[in-house]
Amino acid sequence: MKKLLVNIARGVVVVISRLPLRFHYFMGRILSWILKNVLKYRYGTVMINLARSFPEKKYKELEKIASQFYRHLGEIFAEAIWFGGCNYKRLYESGIVTVTNPEVFNELFTDAPSMTVLYSHCGNWELLGGFLGYRSANGEKVMLEEEQITVVYKQLTSGFSDEFFRRNRAAALEKIGTSCEIESSNVLRYAIKHRKEHRIYIYIADQAPYKGTGKHPVGEFLHQQTNAMIGSVALANKLGHSVVYLKMKHLARGKYEMTFIPVCQNASEHTPEDLIRKYFDILEEEINETPYNWLWSHKRWK
């Protein structure tokens with residue numbers, strides 16, 4: 001039954017994904033209204049997370065951030081569906097993402113065995129697969145081939161959602177040529193097997209620790225004591241990767257900026273605990289800069 005439902009949903013999406021992005025944003029606006037005002041999707045979680053993260057803000061300020069968050073959440077879904085029908089030409093012409101400093105990436109990547117890219121639930125993580133199809137602010141290109149990219153993901157709890165979004169990304173990746181996705185439980189074996197290859201590994205590292213992964217305290221993050229998973233940086237430490245933080249700032253509807261922020265050139269010279277602490281410091285700065293741009297509906301502190 002799940003496979004049948006996914007096939008039906010994908011069939012519909014294949015058709016509508018080819019429609020202009022403005023159509024998807026119109027539908028995204030409707031979805032965001034339904035999520036916030038009708039379904040009240042995790043509204044309590046959103047408000048609790050915001051109140052604890054910004055204790056200095058008044059209730060009306062928090063409500064405004066929440067409203068902006070739900071609007072952006074609708075846009076994320078809209079962009080994800082649109083992305084499923086994309087190729088490099090369509091991505092580039094849309095101007096949806098601009099890479100501000102590809103030279104930083106090139107320097108860190110060239111002089112390292114491989115690179116670990118630490119991302120978060122800021123911006124739109126469903127657009128990561130278009131990495132090489134985005135515009136550069138200064139004309140310099142990211143010195144990277146499609147087959148060198150590995151995106152590490154965690155299987156979603158909902159079997160339908162996991163299969164749907166995995167196949168939606170795969171449809172775009174097939175047209176774009178971006179290499180592969182690896183489920184997080186398999187990345188250690190994969191990285192060691194391919195350790196002699198020059199690759200980048202992209203992780204979303206801000207999630208709450210999963211069962212069986214171990215809880216590693218990182219101290220205070222957004223005014224709350226926080227635990228994290230350190231598998232990404234532990235592997236980078238073991239293999240001597242360079243490490244970079246990928247910032248994805250939301251400027252306006254349909255406009256993002258990707259910026260590479262160096263963490264270290266050689267992770268073997270730093271402890272995994274120091275690396276993940278630096279990651280959360282940079283993430284906190286990004287969230288404070290654009291508060292609505294993070295996934296506040298996620299139950300981050302359990």
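Values below: every heavy atom of this structure, side chains too, minus hydrogens, waters and symmetry copies. In this chain, residues are counted from 1 in sequence order.
A tilted orientation is assigned to the rings of Tyr256 and His72, their planes being inclined by 30° to 60°. By the 30° and 60° cut-offs, the orientation of the rings of His241 relative to Tyr201 is parallel.
Under a 3.5 Å cut-off, the side chain of Ser114 and the backbone N or O of Arg195 do not form any donor-acceptor pair. Under the 3.5 Å distance criterion, the side-chain polar atoms of Arg135 are matched with a main-chain donor or acceptor of Glu93. Asn101 contributes no side-chain N or O that, together with a main-chain N or O of Glu103, makes up a donor-acceptor pair within less than 3.5 Å. At distances below 3.5 Å, not a single donor-acceptor pair connects side-chain atoms of Ser297 with backbone N or O atoms of Leu295. Using a distance-only test at 3.5 Å, with no hydrogens or angles considered, no donor-acceptor pair links the side chain of Asn227 to the main chain of Pro209.
For the residue pair Ser32 / Glu75, no side-chain donor-acceptor distance below 3.5 Å is found, with atom types taken as modelled. Residues Thr259 and Thr100 have side chains that bring a donor and an acceptor to within less than 3.5 angstrom of each other. Counting only N and O atoms by type, the side chains of Trp294 and Asp206 include a donor and acceptor under 3.5 Å apart.
In plain terms, the two heavy atoms of Tyr70 and Tyr43 that are nearest each other are OH-CA, 3.2 Å. In terms of heavy atoms, Ile76 sits closest to Gly123 at CD1-O, 3.6 Å. Here the shortest heavy-atom pairing between Pro272 and Ile230 reads CB-CD1, 4.1 Å. Across Leu108 and Val243, no two heavy atoms sit closer than the pair CD1-O, 4.4 Å. Annotation for His198 and Pro113: closest pair CD2-O, 2.9 Å, computed over non-hydrogen atoms. The heavy-atom pair separating Gly139 from Ser136 by the smallest distance is N-OG, 3.2 Å.
Contact of the Lys57 side chain with the Ile65 side chain is registered, since non-hydrogen atoms from C-beta on lie closer than 4.5 Å. Pro102 places a side-chain heavy atom less than 4.5 Å from the side chain of Val142. Side-chain contact check for Ser120 versus Glu286: some heavy-atom pair is nearer than 4.5 Å. Considering only heavy atoms from C-beta on, His121 comes within 4.5 Å of Gln207 through its side chain. Looking only at side-chain heavy atoms (C-beta outward), Arg199 and Tyr190 come within less than 4.5 Å of each other. Contact of the Leu246 side chain with the Leu128 side chain is registered, since non-hydrogen atoms from C-beta on lie closer than 4.5 Å. Put simply, the side chain of Ile30 does not reach to within 4.5 Å of the side chain of Trp33, judged on heavy atoms. Residues Leu50 and Phe69 fail the side-chain proximity criterion, which asks for heavy atoms closer than 4.5 Å.
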**OP:** Applying side-chain contact (heavy atoms from CB on, under 4.5 Å), run through Tyr279 and Val263 and close with a yes or a no.
**Re:** CA-CA 8 Å; Tyr279 164 81; Val263 175; 5.9 Å; no

**OP:** Would you please test Phe221 and Ile287 for side-chain contact (heavy atoms from CB on, under 4.5 Å) and show each step?
**Re:** CA-CA 11 Å; Phe221 167 62; Ile287 292 171; 3.9 Å; yes

Subject >> side-chain contact (heavy atoms from CB on, under 4.5 Å) assessment of Leu235 paired with Leu188 >> reply: CA-CA 7 Å; Leu235 185 57; Leu188 175 60; 3.6 Å; yes

Original post:
Which is it for Asn293 and His250 under the side chain to side chain donor-acceptor pair (under 3.5 Å) test, yes or no, and what are the steps along the way?
Top reply: CA-CA 7 Å; Asn293 194 41; His250 183 250; 4.9 Å; no

**OP:** Dump the intermediate steps for side-chain contact (heavy atoms from CB on, under 4.5 Å) on Trp82 and Arg90, then the final yes or no.
**Re:** CA-CA 10 Å; Trp82 171 82; Arg90 195 180 186 196; 3.1 Å; yes

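Once rounded to the nearest 0.5 Å, the distance linking CZ of Arg71 with CG of Leu35 reads 13.5 Å. With rounding to the nearest 0.5 Å, the separation of CG in Asn37 from OG in Ser67 is 8.0 Å. Going from atom CG of Asn49 over to atom NZ of Lys299 covers 10.0 Å, rounded to the nearest 0.5 Å. Once rounded to the nearest 0.5 Å, the distance linking CG of Leu283 with OH of Tyr245 reads 4.0 Å. Rounded to the nearest 0.5 angstrom, Leu222 CG and Asn288 CG are separated by 6.5 Å. The distance from the NZ atom of Lys278 to the CD atom of Glu273 is 16.0 Å, given to the nearest 0.5 Å.
Evaluation of the side-chain contact (heavy atoms from CB on, under 4.5 Å) rule for Arg22 yields Pro20 as partners, not counting sequence neighbours.
Remark: of the listed residues Tyr41, Trp301, Phe54, Phe54 is the sole one forming a ring-ring contact (aromatic ring centres under 6.0 Å, His included) with Trp296.
When hydrophobic clusters are built by joining Ile, Leu, Val, Met, Phe, Trp and Tyr residues whose side-chain heavy atoms come closer than 4.5 Å, directly or via intermediates, Phe23 is grouped together with Phe83. If you chain together hydrophobic residues whose side chains sit under 4.5 Å apart, Tyr92 and Leu251 never meet in one group. Leu21 and Leu19 fall within the same hydrophobic cluster, defined by Ile, Leu, Val, Met, Phe, Trp and Tyr side-chain heavy atoms under 4.5 Å apart, directly or through other members. No chain of hydrophobic side-chain contacts below 4.5 Å, direct or via other Ile, Leu, Val, Met, Phe, Trp or Tyr residues, connects Met143 to Val99. Following chains of ILVMFWY side-chain contacts shorter than 4.5 Å, one can reach Tyr59 starting from Val46, so the two form part of one hydrophobic cluster.
Using a cutoff of 4.0 Å between basic side-chain nitrogens and carboxylate oxygens, Arg277 and Asp281 are scored as salt-bridged.
When the shell of 6.0 Å around CD of Glu107 is examined, it contains 12 or fewer heavy atoms from other residues, nucleotides or ligands.
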